[in-house]
K.L.:
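Sharing a structure, written as structure tokens. Questions coming.
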2 protein chains.
Amino acid sequence: MPGRFSAVGMESTEVSNLSKFNHHSRQERFGALLGERGIDLAFFPVSGDLEYLTGFPRKVASFGNIEHAHAWLLGGLIAPGKDPLFLVNQGYASFNLPQGVEGDVVYVKNLDDSVNMFQEAIGRFGNLGTVGISARTWGTTAIQIMEAAADARLVDVSDMLGQMRRIKEPIELEAMTTASRICDAVMKEVTPLVAEGAMEIAIAGEVDRLMQVHGGRTPSFDTGVWAMGPGSGRDATKRTSMDPLPSAVGVSFDFGTVVDGYCSDFGRTIHIGEPDGRYVDAYNTVIAAQEAGRKAATPGTSAADVHSAVVSVIDEAGYGEWFRHRTGHCIGLDTHEKPFISEEDQTLLEAGMTFTIEPSIFWPGTVGVRVEDLFVCAENGAESLNDYPHEMVVV
Amino acid sequence: MPGRFSAVGMESTEVSNLSKFNHHSRQERFGALLGERGIDLAFFPVSGDLEYLTGFPRKVASFGNIEHAHAWLLGGLIAPGKDPLFLVNQGYASFNLPQGVEGDVVYVKNLDDSVNMFQEAIGRFGNLGTVGISARTWGTTAIQIMEAAADARLVDVSDMLGQMRRIKEPIELEAMTTASRICDAVMKEVTPLVAEGAMEIAIAGEVDRLMQVHGGRTPSFDTGVWAMGPGSGRDATKRTSMDPLPSAVGVSFDFGTVVDGYCSDFGRTIHIGEPDGRYVDAYNTVIAAQEAGRKAATPGTSAADVHSAVVSVIDEAGYGEWFRHRTGHCIGLDTHEKPFISEEDQTLLEAGMTFTIEPSIFWPGTVGVRVEDLFVCAENGAESLNDYPHEMVVV
């Protein structure tokens with residue numbers, strides 16, 4: 001039945017970040033954008049998009065689909081000038097929404113006819129000419145929307161909402177700074193664990209534990225701790241192993257945590273034993289490349305041009321073949337947001353955009369170094385949300 | 001450009017499970033099903049579906065979207081009587097497919113026109129009347145398929161493939177048994193860590209580490225370790241905490257790991273200190289309920305009837321209000337597969353289906369008990385893939 005609900009046996013309490021972020025203002029602004037473009041309604045599954053617009057919280061995803069009856073309709077409907085309408089199935093409600101949902105909810109129980117209830121919910125929004133969906137809306141749901149609004153055209157509104165999401169409000173920057181500083185603290189605490197014979201996976205586990213001890217909700221992606229160098233034939237595609245760390249390798253870290261829904265993403269490389277000249281040169285090159293990117297990342301510069309500024313430092317040092325990925329990506333409620341700081345992305349940066357600059361030299365059997373910090377675009381060059389030093393660390 | 005590819009700087013080697021499972025036979029059978037129903041082509045994103053049909057491996061999912069340029073087209077196209085055609089974007093290829101892909105591949109680089117290349121790929125399959133997508137195909141991809149095959153009807157083929165996937169081959173049962181026995185071993189190893197004052201999150205971290213030590217690829221979902229009972233006001237929606245364990249509580253475990261792509265899912269509750277009569281009664285009720293479900297789960301019985309058999313034991317003991325979830329779910333390459341062992345699911349069980357039976361009594365402030373094992377449907381009642389005992393454990 002439509003209406004507010006709270007989980008069985010639970011008081012309905014405010015979701016903490018519902019009170020902290022101004023979701024109503026976001027909904028108004030997004031509703032206006034929809035209206036301008038003649039889009040009558042948009043659907044969002046549980047996602048950063050939905051959390052951004054309404055505060056509806058996400059759960060950590062897992063390896064296999066975690067699904068209950070009628071899960072295809074789980075999400076929210078947003079229309080210009082109206083309050084959101086949430087669709088919540090019983091299985092998700094029972095164990096993932098102990099706080100219930102503030103707002104209008106169609107609560108679908110196991111034995112209900114979900115297709116019918118979905119059609120009725122869509123029908124409440126009247127005549128629909130165009131309906132938006134986000135990029136990761138389930139295919140099933142897209143098909144059901146087409147059934148429910150047979151004459152409507154289906155469009156992808158992710159980039160529309162992305163244009164709102166990519167400029168961070170001060171309160172979002174605060175959350176991301178907190179999440180970044182947790183990484184700084186954890187990097188300092190795990191450094192003494194790095195030694196010949198230690199297991200990467202044990203260090204990674206300690207990173208995950210410490211991030212939570214410092215107040216992170218969950219890792220924002222699978223934590224990586226991996227050895228590269230003359231003492232190891234590894235490349236950077238295997239993110240942890242149970243092999244003992246050899247001596248004379250660089251050990252790269254890549255991890256992040258989530259605060260108030262917002263992700264961080266951080267990386268450093270430290271060396272076991274006295275490094276050779278190649279490592280020192282590569283290390284200095286990567287640090288210089290990141291700094292070139294930071295300086296270039298001013299409002300009005302294209303994402304591709306920031307990437308070029310970083311790549312050219314690494315090219316000039318002769319390591320171009322071994323910088324195999326993009327320079328970085330915007331970040332916020334999702335770990336990877338657009339624009340990407342990458343060769344194909346011509347988006348012009350704006351003040352308040354947050355992104356990583358994470359150059360690497362990954363030369364299997366020779367040297368592996370990456371440094372990664374989180375930056376916010378500003379007039380005189382990007383400013384770091386991390387404060388961990390860039391000096392070479394040898395353990 | 002179309003054609004085989006291997007990641008830069010890497011030898012193209014067989015994906016280990018490509019040689020182990022007979023993907024060609026699966027493709028033939030699924031292609032025949034598509035043909036019978038007049039479906040000309042089906043798209044699958046990186047998922048259990050795609051791994052089942054082709055061996056294309058998945059990566060652990062993360063909290064935030066992990067996305068690179070053109071990621072919307074990542075996946076495989078399957079058509080009756082043809083080899084699969086994979087679509088792989090550069091960002092995914094570089095760090096997630098070090099082994100490359102065996103088969104025909106459209107490899108989309110950052111600077112390529114992915115929409116054009118996708119349309120060309122779809123066009124290779126000729127005139128398309130109906131195109132299938134899986135439930136979790138991205139909404140973006142669904143829209144692009146409709147653009148590329150403007151006259152085609154889009155249908156959801158997840159349940160079609162699900163009907164193949166739910167009957168497990170012996171080689172699949174082997175993998176799931178291995179994954180289940182890892183849970184048994186880990187449960188035994190972590191039991192001595194459970195004590196007043198220990199942190200749930202530290203025990204959960206040790207569960208995750210030990211599952212990997214025993215050969216698991218990754219947890220199949222977020223590991224849960226939580227206290228319930230008179231010593232704790234908790235319900236079962238918070239799966240771990242950093243609070244120290246109190247005395248006089250039941251500590252429930254819920255975890256699983258992945259072997260050769262196949263998931264396990266296991267649970268036990270153990271008690272800290274001498275349990276009161278209520279706990280003993282609830283514990284015995286849950287064990288008896290699971291056994292009733294096991295006996296009922298023969299070929300030809302409906303999933304809903306297995307659920308009823310379990311519920312009635314708990315109802316008769318007077319705890320009906322506190323068994324708030326379904327009895328279980330099928331499991332395989334995904335943690336939750338259909339049919340669900342649940343009130344709404346009228347599917348008749350067949351020999352070779354694998355599912356959990358996981359009754360609980362979660363009564364906040366009073367008692368919390370769950371037991372969970374993995375079963376395969378067989379003539380004389382379901383057979384467990386776990387061999388961990390059901391006797392009450394007190395620490």
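Just so we're on the same page: letters track the sequence lines, and every chain starts at 1. Because the structure is predicted, anything quoted here is derived from the model rather than measured.
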K.L.:
Between B:Thr327 and B:Ser342, is there a donor-acceptor pair closer than 3.5 Å when you use the side chain of the first and the backbone of the second?
P.N.:
no
K.L.:
Looking only at heavy atoms and a cut-off of under 4.5 Å, which of B:Ile331, B:Thr141, B:Asp156 has the most pairs with chain A?
P.N.:
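Option with the greatest count: B:Asp156.
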K.L.:
List in chain and number order the residues that pass side chain to side chain contact (heavy atoms under 4.5 Å, CB included) with A:Val311, two or more places apart in sequence or in another chain; answer none if no residue qualifies.
P.N.:
A:His307, A:Asp315, A:Phe323
K.L.:
Mind ranking A:Val258, A:Thr140, A:Asn65, A:Asp222 by heavy-atom pairs under 4.5 Å with chain B and telling me who comes out on top?
P.N.:
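Ranked by heavy-atom pairs under 4.5 Å with chain B, first place is A:Asn65.
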K.L.:
Determine yes or no for a side-chain-to-main-chain donor-acceptor pair under 3.5 angstrom, with A:Asp260 supplying the side chain and A:Tyr262 the backbone.
P.N.:
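Not at all, since once roles are kept as given, no pair shorter than 3.5 Å links the two residues.
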K.L.:
Among the options B:Ala142, B:Ala135, B:Gly91, pick out the one with the most heavy-atom pairs lying under 4.5 Å from chain A.
P.N.:
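So the answer, after comparing B:Ala142, B:Ala135, B:Gly91, is B:Ala135.
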K.L.:
Could you tell me which portion of A:Pro219 (side chain, backbone, both or neither) has an atom closer than 4.5 angstrom to a non-hydrogen atom of chain B?
P.N.:
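Contact with chain B involves the backbone of A:Pro219 alone.
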K.L.:
Determine whether B:Met117 and B:Leu73 make a side-chain contact, defined as any pair of heavy atoms from C-beta on separated by less than 4.5 Å.
P.N.:
no
K.L.:
Among the options A:Ala202, A:Ser220, A:Ser47, pick out the one with the most heavy-atom pairs lying under 4.5 Å from chain B.
P.N.:
A:Ser220
K.L.:
Is A:Ser134 close to chain B through its backbone or its side chain, or both, or neither, when contacts mean heavy atoms under 4.5 Å?
P.N.:
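Only the backbone of A:Ser134 comes within 4.5 Å of chain B.
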K.L.:
Less than 4.5 Å to any heavy atom of chain A: does that hold for the side chain of B:Ile201, its backbone, both, or neither?
P.N.:
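Only the side chain of B:Ile201 comes within 4.5 Å of chain A.
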K.L.:
Chain B heavy atoms under 4.5 Å from A:Val213: which part of the residue, side chain, backbone, both or neither?
P.N.:
both
K.L.:
Give me the atom names and distance for the closest heavy-atom approach of A:Ala152 to A:Val131.
P.N.:
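For A:Ala152 and A:Val131, the tightest heavy-atom pair comes out as CB-CG2, 3.9 Å.
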K.L.:
If we only count heavy atoms from C-beta on, is the B:Arg326 to A:Gln90 side-chain gap below 4.5 Å?
P.N.:
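SC-SC contact between B:Arg326 and A:Gln90 ruled out.
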K.L.:
Nearest 0.5 Å, what's the CG-CH2 distance between B:Asp235 and B:Trp322?
P.N.:
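Rounded to the nearest 0.5 Å, the CG-CH2 separation comes out at 9.5 Å.
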K.L.:
Who among A:His325, A:Glu337, A:Gln212, A:Arg239 has the most heavy-atom pairs with chain B under 4.5 Å?
P.N.:
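Ranked by heavy-atom pairs under 4.5 Å with chain B, first place is A:Gln212.
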K.L.:
Please classify the contact between A:Phe43 and chain B as side chain, backbone, both or neither, with a heavy-atom cut-off of under 4.5 Å.
P.N.:
neither
K.L.:
Considering only heavy atoms, which portion of A:Phe340 lies under 4.5 Å from any heavy atom of chain B: side chain, backbone, both, or neither?
P.N.:
side chain
K.L.:
Can you tell which of A:Ala304, A:Cys263, A:Ala236 has the highest number of heavy-atom pairs within less than 4.5 Å of chain B?
P.N.:
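Maximum pair count with chain B is reached by A:Ala236.
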K.L.:
Using heavy-atom distances under 4.5 Å, tell me whether A:Ile133 contacts chain B through its side chain, its backbone, both, or neither.
P.N.:
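A:Ile133 touches chain B through side-chain heavy atoms alone.
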K.L.:
Supply the atom-to-atom distance A:Arg165 CZ to A:Asp334 CG, rounded to the nearest 0.5 angstrom.
P.N.:
4.5 Å
K.L.:
Give me the ring orientation class for A:His336 and B:His68: parallel if the planes are under 30° apart, tilted from 30 to 60°, perpendicular past 60°.
P.N.:
perpendicular
K.L.:
Could you tell me which of B:Asn110, B:Thr137, B:Thr335 has the largest number of non-hydrogen atom pairs under 4.5 Å with chain A?
P.N.:
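Answer, by heavy-atom pair count under 4.5 Å with chain A: B:Asn110.
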K.L.:
Looking at A:Glu200 and A:Lys238, is any side-chain nitrogen of the basic one under 4.0 Å from a carboxylate oxygen of the acidic one?
P.N.:
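No, A:Lys238 and A:Glu200 are not salt-bridged.
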K.L.:
Heavy-atom distance under 4.5 Å to chain B: side chain of A:Thr240, backbone, both or neither?
P.N.:
side chain
K.L.:
Under the side chain to side chain donor-acceptor pair (under 3.5 Å) test, which residues partner B:Glu206, sequence neighbours left out?
P.N.:
B:Arg209
K.L.:
Side chain, backbone, both or neither: which part of A:Lys338 has an atom under 4.5 Å from a heavy atom of chain B?
P.N.:
side chain
K.L.:
Please flag which part of B:Ile143 lies under 4.5 Å from any non-hydrogen atom of chain A: side chain, backbone, both or neither.
P.N.:
side chain
